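Note that these values count all heavy atoms, side chains included, but never hydrogens, waters or copies made by symmetry. Note that the structure is predicted; figures quoted are calculated from it, not measured. Letters A, B, ... are given to chains in the order of the sequence lines, protein chains preceding strands, and every chain is numbered from 1.
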There are 2 protein chains.
Amino acid sequence: MAFSEFRPLDEKVLIEYIKATPSLSSKLNNNFDNLTIKEVGDGNLNFVFIVVGSTGSFVIKQALPYIRCIGESWPMTKERAYFEALALREHGGLSPDHVPEVYHFDRTMSLIGMRYLEPPHIILRKGLIAGIEYPLLADHMSDYIARTLFFTSLLYRNTTDHKRAVAEFCGNVELCRLTEQVVFSDPYKISQYNHWTSPYLDSDAEAIREDNALKLEVAELKSLFCERAQALIHGDLHTGSVMVTHDSTQVIDPEFAFYGPMGFDIGAFLGNLILAFFAQDGHADEQNDRKAYKDWILRTIENTWNLFDRKFVALWDTNKDSGDAYLPAIYNNPGLLQLVQKKFIKDLLHDSLGFGAAKMIRRIVGVAHVEDFESIADASKRAGCERRALEIAKLLLKERRKFQGIAEVILAIQQVQ
Amino acid sequence: MAFSEFRPLDEKVLIEYIKATPSLSSKLNNNFDNLTIKEVGDGNLNFVFIVVGSTGSFVIKQALPYIRCIGESWPMTKERAYFEALALREHGGLSPDHVPEVYHFDRTMSLIGMRYLEPPHIILRKGLIAGIEYPLLADHMSDYIARTLFFTSLLYRNTTDHKRAVAEFCGNVELCRLTEQVVFSDPYKISQYNHWTSPYLDSDAEAIREDNALKLEVAELKSLFCERAQALIHGDLHTGSVMVTHDSTQVIDPEFAFYGPMGFDIGAFLGNLILAFFAQDGHADEQNDRKAYKDWILRTIENTWNLFDRKFVALWDTNKDSGDAYLPAIYNNPGLLQLVQKKFIKDLLHDSLGFGAAKMIRRIVGVAHVEDFESIADASKRAGCERRALEIAKLLLKERRKFQGIAEVILAIQQVQ
């Protein structure tokens, strides 16, 4: 059964659909007995069904023509599923250990069938709130980030392939516009969607709306976001887009994917780790002061960046004859290549700090908040955590170019405590 | 008569074509007596026919599937005519006084029919070599540049329209690759196409190939060129792409048009004026030391930038409620808007200096030179002029961020004399 037009899934429709779709039914060995289907979309945008049979499983994700957490009053193209499937396949090819496999895509139905990340996989953000250490997280995430960004950039690609891919992902403009609004605009103006821990942060939110130096820097980052097609970025790489176990790290939900600045992905991940860091004081209790865990988060931030740096440069060294950006006939001398790489990485650190900080700010005074803070029941305590996060975010955003390396960033975070 | 497939024009085919094409034949009032047709393509890439009848005239430009000045050994998409026609129409709509009207476009034939810029219009570069002052040049060019760049950027457009246009012009990738090669690559490496005034400049050309600091900066500019879709730029705005009379300034040949960094256009124009400035000593003789003319060129550089600055900011002020880049709800306070504009213009000056300098360097040690220097018969004298131009170009490229305004650039140019 192929639907000739879009219809939202429910359990009954979904079973029919699976039976009629070989790429899905084969995953269950065509055995539909004891099938369990559970809708678990706890994100902001989509339906997510977990389908488990006795001999196989998968996840069905369907985009709706509006933003789920707001409702039909905020329409949003369901074509985002197309770009999500494209990005999952592209990034999956580059980093298969850290991206779930796509089994099926149906553009009419805006529907992706993909690997079910079975328990004990949980959303990283929930693990961070629970205070769980993931010893391989920095290693895995630096691997995913380095590979997906390097291989989709002009460091590896030629201009022809790059521009073709850039043009295709220009079609994902509605999701880009959503990011523009919620990250680069709403927090800096009065908006019906903004909220914060009131009244504690009222004056902090107002200070952000009146901070000219901050707005000047946000404008520069927004321009980078809108204009710079550097690599195929995930576009929404917060700790809610990562599923983890002790041994496994899987990046999901790249529906915001497009050719944008590399620093936007790196910043999203590091910025959300910093949010998790500042939320810890709200989760501390007499049994666990979370001090050791905070140190682990800081080490993870530092390791993620440093491992990314090392792996990215290693990919560059290995592939230095590829890509149109730095032709070997010009950049073949070792001293120069090193100079170029150092400059690239330093500029990227500054971009990442800027974007990461912007993502932090929007999670505290914008429309969509993070569970790290929201789960702190005591509003006064929560506001204290959020205020410290805001303080470092403003510093990182405005002064990002002064940081020579990640160690200085860690020091700055420690000083805000 | 519509051709079902591409064929290169000759005079006979062209007459048939005109007769069968109402949008062209009507321009001659369907009067084909006393028609004169002259092929004048002195550029590097195309056929250009001037068609003059007793009651009308136009120009026919046809792109060939190779680069004309090199020959069939350097293939080049004739689709460039499509992008040229698109850009002529888009820029013509924005700056109708300074862009020739398009009467006809035939994609199959890669053929544009457009207004004939009748004598005394000449190529600006030839006017500069002849030492002719154009009192309205700075005013006209600043107008063209400010309007075409402003209205095709996110300062005026919304993201949806912008990304749609960016995607379309990604198709002009072959011409972008040509620029990448001749501007950002070839001059910095050994290339069969490179040449220079040898032996005088042998060591200068070698010094460029071995200048790590220069190559570091060129890489940054190339990345901007390849990745930053800031506005619909002309893409080849040198003084050979401008036709002038005392009262008229017309910008032609935007076949390299695509969404790129604004500074690439501004830099191309200013950089070529600087080349003209340094060429003057080679054209001086006992009758005319060209000193006054050199002052006029410097004033024109200064005025072009300052008028551009003023007009661009005025367009921004007038249209500050338009465009997705700086939303009024955030940037509505006058102090902040001014701060943002000052930063934008300063960054743009630095980009322009960098790109302008890169364009200067490539014209002295790369594949395609400029008549300003080539027409200096005495090789030693020519090399002297070229060396001074190279010196300032390297300075502008490496130290561009230190210049606070155009007046400092003029001073630096004067000091190199």
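In terms of non-hydrogen atom pairs under 4.5 Å with chain B, the most contact-rich of A:Thr160, A:Leu154, A:Leu327 is A:Thr160. Residue with the most contacts toward chain B among A:Cys176, A:Ala219, A:Gly335: A:Ala219 (heavy-atom pairs, distance under 4.5 Å). Comparing A:Asn333, A:Val218, A:Asp324, A:Leu224 by how many heavy-atom pairs each has under 4.5 Å with chain B, the most go to A:Asp324. With chain B as partner, the option from A:Val166, A:Asp347, A:Asn158, A:Asn332 having the largest number of non-hydrogen pairs under 4.5 angstrom is A:Asn158.
Rounded to the nearest 0.5 Å, atoms OG (A:Ser223) and CG (B:Leu155) are 9.0 Å apart.
Atom NZ of B:Lys343 sits in a crowded spot, with more than 12 heavy atoms from other residues, nucleotides or ligands closer than 6.0 Å. No more than 12 heavy atoms of other residues, nucleotides or ligands sit less than 6.0 Å from atom NZ of B:Lys320. A 6.0 Å sphere centred on NZ of A:Lys402 holds no more than 12 heavy atoms belonging to other residues, nucleotides or ligands. No more than 12 heavy atoms of other residues, nucleotides or ligands shown are found within 6.0 angstrom of OH on A:Tyr156.
Each of B:Glu180, B:Gln181, B:Arg177 was scored for a side-chain hydrogen bond (donor to acceptor under 3.5 Å, both in side chains) with A:Thr159, with one residue passing: B:Glu180.
For a residue to count as touching a neighbouring chain, one of its non-hydrogen atoms must lie under 4.5 Å from one of that chain's; by this rule B:Glu220 touches chain A with the side chain only. Only the backbone of B:Ala325 comes within contact range of chain A, with at least one heavy atom under 4.5 Å from a heavy atom of that chain.
Residues B:Asn212 and A:Val340 fail the side-chain proximity criterion, which asks for heavy atoms closer than 4.5 Å. Residues A:Ser185 and B:Ile330 have side chains in contact (heavy-atom distance under 4.5 Å, counting atoms from C-beta outward).
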Could you walk me through whether B:Lys163 and A:Phe258 pass side-chain contact (heavy atoms from CB on, under 4.5 Å), step by step?
CA-CA 11 Å; B:Lys163 279 213 193 278; A:Phe258 77 113; 3.9 Å; yes
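Between the side chain of A:Tyr331 and the backbone N or O of B:Lys215 there is at least one donor-acceptor pair closer than 3.5 Å.
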